[in-house]
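To start, the structure under review is shown below, and the notes come after it.
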There are 2 protein chains.
Amino acid sequence: MSTPRRITLKDLARELGVSTATVSNAFNRPDQLSPALRERILGEARRLGYRGPDAMARSLRTGRSRIIAVILAESLTYSLNDAVASEFLSGVAEVLDTQGHTLLLLSSRQTQAQFPGSASMADGFIVYGLMPSPSLLESLPSQAALVAVDFDIEGRPAIHVDNEVACQAIARHALRMPPRRPAIVNLRLTAEPCNGPITASHRLLGAEQTITRSRLTGFYRALAERGIDPAGVPMWNIEENTFEVCAPVLEPILDLPGDERPDLLLCMSDRIALTALTLAEQRGLRVPEDLRITGFDGIAEGQYRAPRLTTVRQDSTEKGRMAARMILGLTPPASSLLATELMVGDSCP
Amino acid sequence: MSTPRRITLKDLARELGVSTATVSNAFNRPDQLSPALRERILGEARRLGYRGPDAMARSLRTGRSRIIAVILAESLTYSLNDAVASEFLSGVAEVLDTQGHTLLLLSSRQTQAQFPGSASMADGFIVYGLMPSPSLLESLPSQAALVAVDFDIEGRPAIHVDNEVACQAIARHALRMPPRRPAIVNLRLTAEPCNGPITASHRLLGAEQTITRSRLTGFYRALAERGIDPAGVPMWNIEENTFEVCAPVLEPILDLPGDERPDLLLCMSDRIALTALTLAEQRGLRVPEDLRITGFDGIAEGQYRAPRLTTVRQDSTEKGRMAARMILGLTPPASSLLATELMVGDSCP
DNA sequence: TTGTACGCGTTATCAA
DNA sequence: TTGATAACGCGTACAA
């Protein structure tokens with residue numbers, strides 16, 4: 001018995017009595033050979049069960065894999081369950097699909113110190129949400145295309161949302177009705193991990209490290225405009241944008257006696273705001289009468305419920321599309337800023 | 001100026017005056033050379049900026065890419081925003097990560113008739129949710145590892161949840177309090193796409209084509225046990241598990257006059273059930289007093305709200321882990337069945 | 001313990 | 001329009 005080896009382009013060429021170059025052309029450049037010969041080659045290929053040029057060999061030869069990698073800041077488990085990250089990926093996938101490219105998912109939070117070797121096959125990298133550790137970044141092919149999203153990498157194009165303007169706008173809206181006790185719930189803002197109140201002893205991350213710092217600046221501007229001293233507004237911090245992590249931070253706030261409890265919660269994400277909403281409902285607090293709540297993101301879950309969430313919508317899908325177009329060279333690699341949209345719902349009319 | 005060509009293993013070997021085999025071994029088989037030499041090689045590699053063996057060349061040589069592809073039934077846009085699919089992917093990613101493998105995302109619903117060529121680089125394929133078209137399946141490398149999830153592919157291992165038993169259990173629970181007008185809301189059950197009532201003229205898909213057929217069988221068994229003729233229970237069908245598609249189907253049901261409106265809705269997914277819950281609340285219907293609702297899946301969104309959803313929890317994450325272990329050969333390739341858990345919430349106490 | 005030499009399957013170049 | 005041939009960068013028998 002001969003070994004049932006997989007059939008290759010070379011086998012096919014030998015079988016047909018033509019050169020490998022011609023077979024290759026039959027698959028890749030139809031204009032380079034006569035239609036008749038091409039037909040004969042394709043027919044024989046089908047007959048012999050040859051599926052076309054091997055992807056790995058082609059990649060080695062051409063130096064391109066037609067794979068684009070997205071490097072997510074959080075674990076895949078978190079990112080895949082997060083509406084904002086998921087929408088972003090949708091946008092990326094949409095463009096890649098139409099361009100015959102394929103999507104590889106990577107995470108900065110992984111068990112290994114380096115990316116798996118297979119990661120470096122990608123033709124380009126979209127880095128989402130957070131600067132990976134320098135060593136991770138080093139392990140990427142140095143000349144690969146790279147686009148940063150929601151943060152900056154020196155010398156690379158970045159895609160941002162105008163966080164500061166957006167937060168100033170939503171805070172302005174909320175402050176049109178003066179709150180007695182406004183409060184801010186931040187997301188990953190402290191230098192050291194912290195789930196709870198932010199005190200004077202906490203150092204905050206800089207604007208180049210986290211988008212939420214820009215959001216806070218927006219809130220502060222609006223507060224100052226209304227003559228409210230931002231320093232007097234109590235703040236809390238949350239490390240992970242999930243119900244499980246948000247709830248224990250928010251519960252004590254809502255359980256404060258009525259004359260200490262905030263009557264306006266400016267939240268840095270819809271997940272935080274929705275968690276607050278759920279917990280408020282469980283406690284019989286009326287929204288917006290007893291408590292007004294604003295979010296950030298504009299995720300579906302906040303809009304398909306009653307009361308609808310007042311929030312700022314960022315078009316994560318479009319952000320993904322932009323990143324993908326840029327990484328594929330469909331768009332010149334230049335940093336850009338996406339606009340946001342204030343969405344007035346029922347949680348803060 | 002010489003071209004700044006990327007440095008290769010061969011360059012490194014020449015530079016050091018050792019053979020390529022030795023350099024290769026320094027990276028891949030530390031035991032095959034003296035520690036001293038290995039140190040020298042690794043050091044020089046760092047100095048010259050050599051990042052280790054090229055992934056494509058290695059893949060061509062070894063025939064393995066350390067990439068595992070997941071083929072999703074729906075579009076990536078849908079799948080990434082669906083809690084059940086996302087959890088499944090989390091489970092897959094978790095195992096792949098610990099094994100130094102990488103995750104490629106593919107969808108059966110794409111613009112092209114064939115998968116992009118890069119898809120065939122994957123060492124294995126996890127096919128999730130639905131049989132892809134035969135031509136798509138054909139375009140996969142014939143000898144690649146393959147695992148089906150939530151449906152069957154002849155001659156391949158499959159991973160299932162016990163849909164029938166689960167649905168019989170939850171219907172049994174619901175029917176302990178006899179409903180006056182029970183109804184069933186199905187998901188992708190009709191042979192022809194249908195968003196609305198299912199009539200006698202509709203053909204239904206078979207159990208080998210869709211898991212929801214098994215779910216229906218479970219409901220029917222429980223109904224028959226209670227002496228209710230399943231044929232008399234009105235059914236609706238929904239094609240896509242999103243709020244946008246569910247709502248227009250459910251609204252007319254909830255808008256029926258009180259003496260025609262169902263008082264028990266057996267839903268085939270949590271998304272359907274949650275949409276019904278939201279719409280019911282908007283209409284001032286009391287749940288569970290006026291309307292009892294059950295779901296399927298056990299997604300977080302249904303448990304972190306009031307009233308909590310009565311549902312069946314399937315462990316999608318574990319399903320993903322199993323699929324990944326099997327595709328990596330950590331587990332023998334054999335079909336298996338996951339247990340589910342009845343979760344009694346407030347929507348149908 | 002280290003080196004030689006071949007082949008993995010393809011595409012690009014150049015010549016016919 | 002087609003063919004011959006040299007890379008692409010690496011892994012691994014096998015020999016030394």
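A, B, ... follow the sequence lines: proteins, then strands. Residue 1 opens every chain.
Rounded to a whole Å, the CZ atom of B:Arg14 is 13 Å from the C1' atom of D:dG9. Atoms CG (B:Leu60) and P (D:dT12) sit 13 Å apart, rounded to a whole Å. Atom CG of A:Leu12 and atom P of C:dG9 are 14 Å apart (whole Å). Going from atom CZ of B:Arg64 over to atom C1' of D:dC10 covers 15 Å, rounded to whole Å. When the P atom of D:dT12 is taken as reference, atom CZ of B:Phe27 falls 15 Å away, rounded to whole Å.
For residues 98-109 of chain B, the pairs satisfying side chain to side chain donor-acceptor pair (under 3.5 Å) are B:Glu74-B:Arg109, with sequence neighbours left out.
Contacts of B:Gly117 with the nucleic acid, taken as non-hydrogen atoms under 4.0 Å apart, are absent.
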Nucleotide by nucleotide, 5' to 3', does protein get under 4.0 Å of the base (B), only the sugar-phosphate (S), or neither (-) in nucleotides 10-16 of chain C, counting heavy atoms? BBB----
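Using a 3.5 Å distance cut-off with no hydrogens or angles, the side chains of B:Ser79 and B:Asp82 do not pair a donor with an acceptor.
Taking only side-chain nitrogens and oxygens, A:Thr22 comes nearer than 4.0 Å to OP1 or OP2 of D:dG3.
For the pair A:Arg58 and A:Asn28, the minimum side-chain heavy-atom distance is below 4.5 Å. At a threshold of 4.5 Å between non-hydrogen side-chain atoms, the residues A:Ile159 and A:Phe88 do not count as touching. Residues A:Asp54 and A:Thr8 fail the side-chain proximity criterion, which asks for heavy atoms closer than 4.5 Å.
Between B:Tyr50 and B:Phe27, the ring centre distance stays below 6.0 Å.
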